[in-house]
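Naming convention: chains lettered A, B, ... in sequence-line order (proteins, then strands); numbering from 1 in each chain. Note that the structure is predicted; figures quoted are calculated from it, not measured.
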Amino acid sequence: MKNKLYKNATTAIFDIESGASLMSGGFGLCGIAENLIDALCEKDIKNITAISNNIGNQGKGLAKLLKQHKISKAYCSYVGGNPDLEEQMLSNEVDVELVPQGTFAERIRAAGMGVRAFYTPTGYGTLIAKGKDVKEFDRPCILETALHADFAIIKAQKGDKYGNLWFKESARNFSPLMAMAAKVTIVEVEELVELGEIASEDVHVPGVFVQRIFQGSNYQNDIEFLKTSEAKE
Amino acid sequence: MWSKQEMALEVVNLIGNDSTVNLGIGMPTLVAELMPKEKGVMLHSENGVLGVEGRPSESTVSATLINAGKETISVYPYASYFDSALSFGMIRGGHIDYCVLGGMEVDILGNLANWMIPGAKVTGMGGAMDLVNGAKEVIIMMGHFNKKGVSKMTALCSLPLTGAKVVHTVVTDHGVFKPQGDTFKIIKLAAGITKADLKNNKLFS
């Protein structure tokens with residue numbers, strides 16, 4: 001078995017250079033690779049293509065890289081709640097390609113699964129369909145292509161040294177898809193566990209999709225909107 | 001005119017028992033709060049949750065359990081979690097019975113615009129384009145008129161579309177309507193509202 005264990009985020013991103021394309025798991029700030037993002041902030045890189053549903057939010061997550069002007073191109077589905085991205089999009093500093101969220105997920109999944117392209121009704125008759133092949137099935141559909149990346153940065157709750165991963169609650173979101181779609185998938189975990197500790201039935205991402213893994217630290221796990229049954233809105 | 005709560009109750013009445021429902025962010029979240037448990041509705045959240053219950057208590061709140069609005073939630077014991085591709089497969093594959101979304105404009109053809117105002121505001125479409133093309137029934141919940149008093153119910157949307165010919169029902173503060181291609185059919189008007197209050201009454205039948 002190949003040894004995939006790294007010491008920390010800094011050593012695990014040694015070959016991420018300027019111009020790289022980077023997928024980043026998470027929905028808003030839920031399930032983001034906090035240690036890896038911080039390590040990228042410390043690195044002198046620019047012109048990163050970021051592929052992430054939100055590109056951070058509220059100045060956190062990938063928005064830290066935006067603040068440092070390290071991102072020049074972004075693929076995402078939603079920019080609301082991310083003032084750094086909105087600002088850099090309107091000033092043309094970051095070239096943003098907005099992708100419908102289901103198409104975004106499926107393009108990434110397709111890349112990992114070896115599917116080159118697929119037809120979907122999503123976006124037909126809208127700006128998203130501009131320049132895309134249209135074909136009539138039961139309904140008109142547009143052709144969408146697979147979305148690959150050089151690297152994926154992922155956070156999982158548990159992982160072993162082979163790279164088998166387990167995610168907590170709704171923190172899974174785009175991470176398993178991105179792990180499959182990138183040439184090099186780097187994973188940080190809250191709990192690095194022994195081989196076999198994640199029951200085989202419960203492996204969410206089989207380790208074949210993971211190239212590097214390390215024990216993360218100092219997790220903030222920010223909540224964007226805290227709503228409880230006690231607090232009346 | 002209906003309050004937002006009254007609008008949400010109208011939406012609740014449109015939703016069949018034991019169905020699977022996706023609620024958009026903003027006004028549609030009120031629908032979750034007013035949905036009677038006896039209806040047996042399973043709520044889907046596109047970030048990867050099926051079986052949303054409500055709000056967690058301060059002792060059970062979890063940073064990794066949120067809805068599409070990035071708010072903390074609680075789930076039923078029979079809930080399931082999944083990745084975003086599976087979540088949108090549920091949507092695109094026709095496994096979700098209803099979606100309820102906010103709107104900026106709806107026209108008589110059933111076109112919906114709700115994701116950008118060119119030159120002014122871009123939030124992105126999030127999952128809305130998938131939802132309107134995938135859910136079996138698309139319900140839009142919005143004010144009838146914008147802040148300038150212009151009707152959001154139009155002959156033809158002027159803003160960039162979220163989906164073409166996708167809307168089944170619109171619930172506004174003035175009533176419940178169905179786009180028919182040539183007009184909006186009036187299903188119900190709010191108490192005290194007459195057809196004249198809808199202003200462009202050629203659009204309504």
Side-chain angles (χ1 to χ4, degrees), chain A residues 27-31 53-54 57 76-82 86 89-90 96 98-106 108-110 120-129 139-140 157 167-177 204-205 219-231, chain B residues 25 29 33 45-49 54-75 79 81-92 111 113 115-116 118-119 121-134 160-166:
Chain A
F27 187 90
L29 302 178
C30 178
N53 191 51
N54 309 82
N57 253 15
C76 58
S77 84
Y78 197 72
V79 302
N82 190 344
E86 279 181 76
M89 177 169 74
L90 293 171
V96 175
L98 283 165
V99 184
Q101 200 169 123
T103 298
F104 181 74
E106 195 63 14
I108 296 167
R109 195 186 79 91
T120 174
T122 303
Y124 172 75
T126 76
L127 291 176
I128 297 306
R139 295 163 61 189
Q157 182 67 28
F167 297 88
K168 193 177 170 196
E169 299 171 326
S170 62
R172 201 179 320 180
N173 52 65
F174 299 91
S175 296
L177 315 170
H204 294 152
V205 174
Y219 284 103
Q220 303 299 309
N221 288 318
D222 287 306
I223 290 174
E224 285 176 64
F225 301 103
L226 177 65
K227 303 267 180 170
T228 62
S229 49
E230 289 93 344
Chain B
I25 55 183
T29 55
E33 290 168 28
S45 191
E46 64 263 31
N47 55 314
V49 185
R55 298 297 181 198
S57 68
E58 276 164 20
S59 60
T60 58
V61 71
S62 167
T64 46
L65 187 45
I66 62 168
N67 63 16
K70 289 131 192 154
E71 302 166 346
T72 50
I73 53 169
S74 63
V75 297
Y81 304 124
F82 32 85
D83 68 55
S84 300
L86 191 69
S87 187
F88 279 92
M90 286 180 198
I91 293 167
R92 204 188 305 100
N111 294 324
W115 71 284
M116 75 174 289
K121 186 184 170 196
V122 183
T123 59
M125 70 294 284
M129 287 190 180
D130 306 276
L131 281 160
V132 296
N133 282 287
L161 297 187
T162 305
K165 299 182 184 171
V166 292

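In this structure, chain A has no heavy atom under 4.5 Å from any part of Ser87(B). If you measure heavy-atom distances from Leu177(A) to chain B, the contacts under 4.5 Å come from the side chain alone. In this structure, no portion of Asn82(A) lies under 4.5 Å from any heavy atom of chain B. Interface residue Ala68(B): backbone and side-chain heavy atoms are both found under 4.5 Å from chain A. Both the backbone and the side chain of Glu224(A) come within contact range of chain B, with heavy atoms under 4.5 Å apart. Proximity to chain A is absent for every atom of Ile91(B), based on heavy atoms less than 4.5 angstrom apart. In this structure, the portion of Val99(A) lying under 4.5 Å from any heavy atom of chain B is its backbone and not its side chain. Looking at Pro176(A), the atoms closer than 4.5 Å to chain B (heavy atoms on both sides) all sit in the side chain, from C-beta outward. Neither the backbone nor the side chain of Asn111(B) comes within contact range of chain A; no heavy atom of the residue lies under 4.5 Å from a heavy atom of that chain. When heavy atoms are compared at a cutoff of 4.5 Å, Thr162(B) approaches chain A solely by way of its backbone atoms N, CA, C and O. Residue Asn53(A): no heavy atom, backbone or side chain, is found under 4.5 Å from chain B. Heavy atoms of Leu29(A) lying under 4.5 Å from chain B are absent altogether. Of the two parts of Val122(B), the backbone and the side chain both hold a non-hydrogen atom closer than 4.5 Å to a non-hydrogen atom of chain A. Looking at Ser175(A), neither its backbone nor its side chain comes within 4.5 Å of chain B, counting heavy atoms on both sides.
Ranked by heavy-atom pairs shorter than 4.5 Å toward chain A, the options Ala128(B), Gly48(B), Gly134(B), Gly127(B) are led by Gly127(B). Across Val96(A), Asn173(A), Leu127(A), Ile223(A), the residue that shares the most heavy-atom pairs under 4.5 angstrom with chain B is Asn173(A). By number of non-hydrogen pairs under 4.5 angstrom with chain A, the leading residue of Leu161(B), Val166(B), Thr72(B), Ile66(B) is Thr72(B). Most heavy-atom pairs under 4.5 Å with chain A, from the set Ser45(B), Ser62(B), Gly54(B), Pro160(B): that is Ser62(B). Chosen from Ser57(B), Ala164(B), Ala113(B), the residue pairing most often with chain A at heavy-atom distances under 4.5 Å is Ser57(B).
In this structure, the ring of Phe88(B) has its center no less than 6.0 angstrom from the ring center of Phe104(A).
Of the N and O atoms on the side chains of Thr122(A) and Asp130(B), at least one donor lies less than 3.5 Å from an acceptor on the other residue.
Counting heavy atoms from C-beta outward, Val49(B) and Tyr81(B) have side chains that approach closer than 4.5 Å.
Residues satisfying the ring pair (Phe, Tyr, Trp, His ring centres under 6.0 Å) criterion with Phe27(A), sequence neighbours excluded, are absent altogether. Applying the salt bridge (charged side-chain N to carboxylate O under 4.0 Å, His left out) test to Glu106(A) and every residue at least two apart in sequence or in another chain returns Arg109(A).
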> What's the verdict on salt bridge (charged side-chain N to carboxylate O under 4.0 Å, His left out) for Arg55(B) and Glu230(A), showing C-alpha distance, side-chain angles and the deciding distance?
Replying inline: CA-CA 9 Å; Arg55(B) 298 297 181 198; Glu230(A) 289 93 344; over 6 Å; no

